Amino acid sequence: MLYAKVAIGLPVSGPFDYIVPDSLVSRIAVGQRVWVSFGPRRVTGYVVDLSRKSEVKNLKPVLELIDSSPILSKNMLNLTREIAEYYYCSWGEAIETAIPEDLRRGRIADKKGDGYNLYEPAAGRIGLPPFLIHDLDGVARWDIYASRIKEVLEKKLSVIVLLPDILEVGKAAGFLRERLGVEAQVLFRKQPKEMEEWLKLSSSRAKLVLGTRSAIFAPVNDLGLVIIDEEDDFVYKQDQVPHYHARKVALLRVKSSRAGIILGSGSPSLESFYLCAKKNTGCLVLPRKKDFPEIKIIDTRRLPFQDRNKKAVLSRLLEEAVYTVLNNKGKALLFLNRKGFATSCACQTCGKILKCPRCNINLVYHFKDNLLSCHYCNYKIEAPKICPECNCGYIKFSGGGTEKIESELARIFPQARLKIIDDANTNLENADIFIATSAVIKQARLDFDLIGVLGIDNSLNRVDFRATEKVFALLSGLIRLTGKKFFIQTASPAHHCFQALLKKDVNLFYEEELKQRRQLDFPPYKHMIIVKLRGKSEEKVKSAATLLFSKLEEAGRSKSVEIVSVNPYNPPKLRGNYYWQVLLRAGKVLEAGAFLKNNLKDFRHSGIIVTVDVDPL
């Protein structure tokens with residue numbers, strides 16, 4: 001009798017054995033989708049192996065074949081199995097994150113012909129180590145990309161290029177069409193006819209594929225090169241289970257496909273910088289074409305008493321610099337990475353703070369729309385005129401965002417035209433002073449005479465070991481938008497994040513940050529793992545998290561896994577659910593995965609959902 005091992009796209013260990021009916025024996029193959037019974041449900045399954053033996057009794061039969069031929073190759077199955085082991089999810093969940101939604105739902109795939117061996121590497125090829133491009137100019141790396149893509153396509157091999165968002169995908173497609181005369185195939189989640197585009201790739205020879213994070217699973221044949229642009233961007237990390245990072249998946253895929261990989265960025269991640277240094281593959285640094293701006297660090301602790309007492313938005317030095325730019329008919333940009341007018345709304349009589357009922361987060365006041373909004377779940381209400389708790393007629397708005405900066409600038413510079421940058425089509429002729437969040441970094445064509453950075457200490461002092469890295473990436477992106485003057489207001493002027501920019505030496509930042517990470521056993525030297533618990537009852541979630549922490553701590557005392565802490569997640573409540581986390585640290589992810597598998601398999605708590613996030617951001 002023939003048995004099929006079937007992976008199910010649910011958070012359960014597998015694969016599961018099913019009997020192959022005699023009518024399907026001659027037609028079933030590894031890589032096909034099948035309909036199977038799982039409990040009371042009829043679900044889509046994925047055949048990952050066939051065997052003549054099974055140790056399980058009272059097996060159910062495979063109900064029906066969905067595909068006439070395999071849609072998942074041997075290499076694709078191996079890749080998804082590695083993802084499941086690394087990111088602690090089921091094999092079926094890993095498979096389903098790699099394929100279009102229509103295929104997950106069991107829609108019949110009209111796959112003409114037998115296709116080729118998906119993901120199979122060309123014979124005799126030797127994989128290349130990762131190569132890092134540190135592009136200080138911001139756009140120069142695309143000339144190198146184009147050159148390497150042309151070389152690989154001429155060898156009849158395929159190329160996958162990952163970009164942070166759809167807008168960047170469109171720009172890249174236009175650039176490569178004009179530069180190489182090649183029409184790229186675009187692939188991203190929820191695009192029209194995604195399944196048809198996916199299947200078309202699986203039956204084609206050498207192809208150039210452009211896409212967002214999920215395009216790393218594009219079923220191209222003879223993969224020769226993967227390029228990840230802006231590889232430090234946090235959008236490459238998946239929010240849902242499995243919490244994979246496209247960079248890690250790319251490294252796994254090029255290893256099995258014996259292909260090359262290029263990581264490009266204006267401010268590379270610590271992980272990529274460390275990886276290339278460790279493998280001694282080098283880092284190509286592309287210098288700026290325009291002059292490096294004059295950089296000034298303004299110590300807000302040493303401002304005149306009058307300015308500190310009034311909590312002035314701009315220091316006198318920055319205010320005078322803006323006046324000078326305006327007098328010279330120039331353009332100034334003031335950066336503050338917070339939207340809205342006020343970040344806190346509270347009654348001065350009873351102390352009631354207006355918060356999101358679903359997330360328990362302070363609502364942000366938007367003056368333009370007169371709305372209070374939650375930036376996590378998009379909950380919105382009209383700003384009340386009286387306190388909903390005590391009916392007092394005065395509610396104080398405190399904290400500042402881009403709208404408040406605009407209001408203050410209108411008072412300080414009444415003659416200047418002001419504009420908040422909130423779209424991708426900014427025209428510098430429309431205003432004299434611009435106010436923006438991090439979205440402005442995407443507009444590399446902009447060029448300002450002065451950039452002033454405000455409120456950066458709020459980002460730098462967050463409870464996040466990656467806070468400094470994120471701030472450095474922000475400042476590196478901003479500094480590319482000017483070749484004249486760059487001012488930073490901070491209470492920590494000696495911080496290596498600012499000193500690296502001041503001394504025009506990016507290596508100073510990476511060396512110091514890696515030194516601190518090594519001392520603290522933080523990534524990239526050790527792996528951090530979060531076991532996240534969520535539920536509707538705060539007390540139940542807290543109790544379950546505390547119990548799990550004790551269980552893991554007891555089991556891990558003689559293991560290589562360190563159980564670090566148990567505490568509320570940040571934010572502790574989100575979209576009606578309460579969150580707690582157990583933080584672990586390990587030298588090897590697979591060992592930590594085996595440890596968690598042994599200790600979580602019998603951990604059950606009514607109403608609590610447990611997920612695992614490996615290498616969280």
Side-chain angles (χ1 to χ4, degrees), residues 3-20 30-51 53-63 72 74 76-99 104 106 238 240-244 248-249 252 527 529-535 544-545 547-548 551-552 555-556 559-561 563 581-582 584 586 588-615:
Y3 301 93
K5 293 188 179 296
V6 179
I8 307 294
L10 296 171
V12 288
S13 297
F16 301 92
D17 288 359
Y18 286 85
I19 298 172
V20 180
V30 173
Q32 286 178 309
R33 293 174 300 153
V34 293
W35 288 113
V36 294
S37 295
F38 192 78
R41 302 166 58 185
R42 173 184 163 103
V43 299
T44 306
Y46 309 90
V47 180
V48 297
D49 197 9
L50 296 171
S51 175
K53 295 181 180 180
S54 176
E55 298 179 357
V56 184
K57 296 180 180 180
N58 301 322
L59 293 175
K60 296 179 180 180
V62 172
L63 300 177
L72 304 170
K74 178 181 177 181
M76 188 177 195
L77 290 173
N78 288 339
L79 176 66
T80 51
R81 189 186 69 248
E82 288 183 297
I83 292 171
E85 292 173 351
Y86 190 94
Y87 287 105
Y88 194 80
C89 65
S90 73
W91 195 349
E93 286 177 305
I95 290 173
E96 292 205 332
T97 202
I99 61 177
R104 299 197 294 270
Q238 170 113 321
Q240 297 83 28
V241 175
H243 297 283
Y244 75 89
K248 178 61 181 179
V249 175
L252 292 174
H527 295 276
I529 301 170
I530 288 178
V531 182
K532 192 184 302 181
L533 299 90
R534 77 173 187 268
L547 183 64
L548 179 59
K551 177 182 174 68
L552 294 178
K559 304 290 183 181
S560 59
V561 180
I563 317 302
Q581 66 177 21
V582 178
L584 294 80
K588 296 181 180 179
V589 168
L590 297 184
E591 289 184 7
F595 169 77
L596 286 174
K597 188 174 184 179
N598 290 333
N599 288 280
L600 290 180
K601 62 182 179 182
D602 58 349
F603 181 78
R604 299 288 183 272
H605 216 285
S606 176
I608 305 298
I609 297 174
V610 180
T611 57
V612 178
D613 187 359
V614 178
D615 299 330

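Note that this is a predicted model, so its numbers are computed, not measured.
Between atom CD1 of residue Ile530 and atom OG1 of residue Thr611 there is a gap of 9.5 Å, rounded to the nearest 0.5 Å. With rounding to the nearest 0.5 Å, the separation of CG in Leu548 from CD1 in Ile563 is 8.5 Å. The distance from atom OG of Ser54 to atom OH of Tyr18, rounded to the nearest 0.5 Å, is 11.5 Å. In this structure, the separation between OH on Tyr88 and CG on Leu600 is 4.0 Å, given to the nearest 0.5 Å. Taking OH from Tyr87 and NZ from Lys248, the interatomic distance works out to 7.0 Å, rounded to the nearest 0.5 Å. Expressed to the nearest 0.5 Å, how far CG of Asn78 lies from CG of Leu72 amounts to 11.5 Å.
The minimum heavy-atom distance linking Leu79 with Val249 is given by the pair CD1-O, 4.2 Å. Here the shortest heavy-atom pairing between Gly45 and Val6 reads CA-CG1, 3.5 Å. Here the closest heavy-atom approach between residue Val582 and residue Ala545 is recorded as CG2-O, 3.8 Å. Scanning all heavy atoms of the two residues, the minimum distance from Ile95 to Ala7 falls at CD1-CB, 4.2 Å.
Considering only residues two or more places apart in sequence or on other chains, Ser51 meets the side chain to side chain donor-acceptor pair (under 3.5 Å) condition with none of them. With sequence neighbours excluded, no residue forms a ring pair (Phe, Tyr, Trp, His ring centres under 6.0 Å) with Tyr3. A search for side chain to side chain donor-acceptor pair (under 3.5 Å) contacts involving His243 returns nothing, not counting sequence neighbours. Remark: Tyr244 engages Phe217 in a ring pair (Phe, Tyr, Trp, His ring centres under 6.0 Å) (not counting sequence neighbours). Lys588 is linked by a side chain to side chain contact (heavy atoms under 4.5 Å, CB included) to Glu591, counting only residues two or more places apart in sequence or in another chain. Glu85 meets the side chain to side chain donor-acceptor pair (under 3.5 Å) test with no other residue; sequence neighbours excluded. Looking at residues two or more places apart in sequence or on another chain, you find a side chain to side chain donor-acceptor pair (under 3.5 Å) between Lys5 and Asp17. Legend: residues meeting salt bridge (Lys or Arg N to Asp or Glu O under 4.0 Å) with Lys551, ordered by chain and number and at least two apart, are Asp602. Residues satisfying the ring pair (Phe, Tyr, Trp, His ring centres under 6.0 Å) criterion with Tyr86, sequence neighbours excluded, are absent altogether. Residues meeting the side chain to side chain contact (heavy atoms under 4.5 Å, CB included) test with Ala94, sequence neighbours left out: Thr80, Ile83, Ala84, Cys89. Ala544 meets the side chain to side chain contact (heavy atoms under 4.5 Å, CB included) test with Leu533, Phe603, His605, Ile608; sequence neighbours excluded.
Within the structure, the side-chain hydrogen bond (donor to acceptor under 3.5 Å, both in side chains) test picks out the following pairs touching residues 39-49 (sequence neighbours left out): Arg42-Glu64, Tyr46-Glu96.
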*Start with the C-alpha gap between Ile529 and Val561, add the side-chain angles, then the distance that decides, and say whether side chain to side chain contact (heavy atoms under 4.5 Å, CB included) holds.*
CA-CA 10 Å; Ile529 301 170; Val561 180; over 6 Å; no
_Evaluation steps, side chain to side chain contact (heavy atoms under 4.5 Å, CB included), between Val34 and Leu63_ = CA-CA 7 Å; Val34 293; Leu63 300 177; over 6 Å; no
*So Thr97 and Gln240, side chain to side chain contact (heavy atoms under 4.5 Å, CB included) or not? Walk me through it.*
CA-CA 9 Å; Thr97 202; Gln240 297 83 28; over 6 Å; no
_Candidate pair Leu596 and Leu584, rule side chain to side chain contact (heavy atoms under 4.5 Å, CB included), full reasoning_ = CA-CA 10 Å; Leu596 286 174; Leu584 294 80; 3.9 Å; yes
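Heavy atoms of other residues, nucleotides or ligands lying less than 6.0 angstrom from NZ of Lys597 number 12 at most.
With hydrogens and angles ignored, the 3.5 Å screen pairs no side-chain donor or acceptor of Arg81 with any backbone N or O of Trp91.
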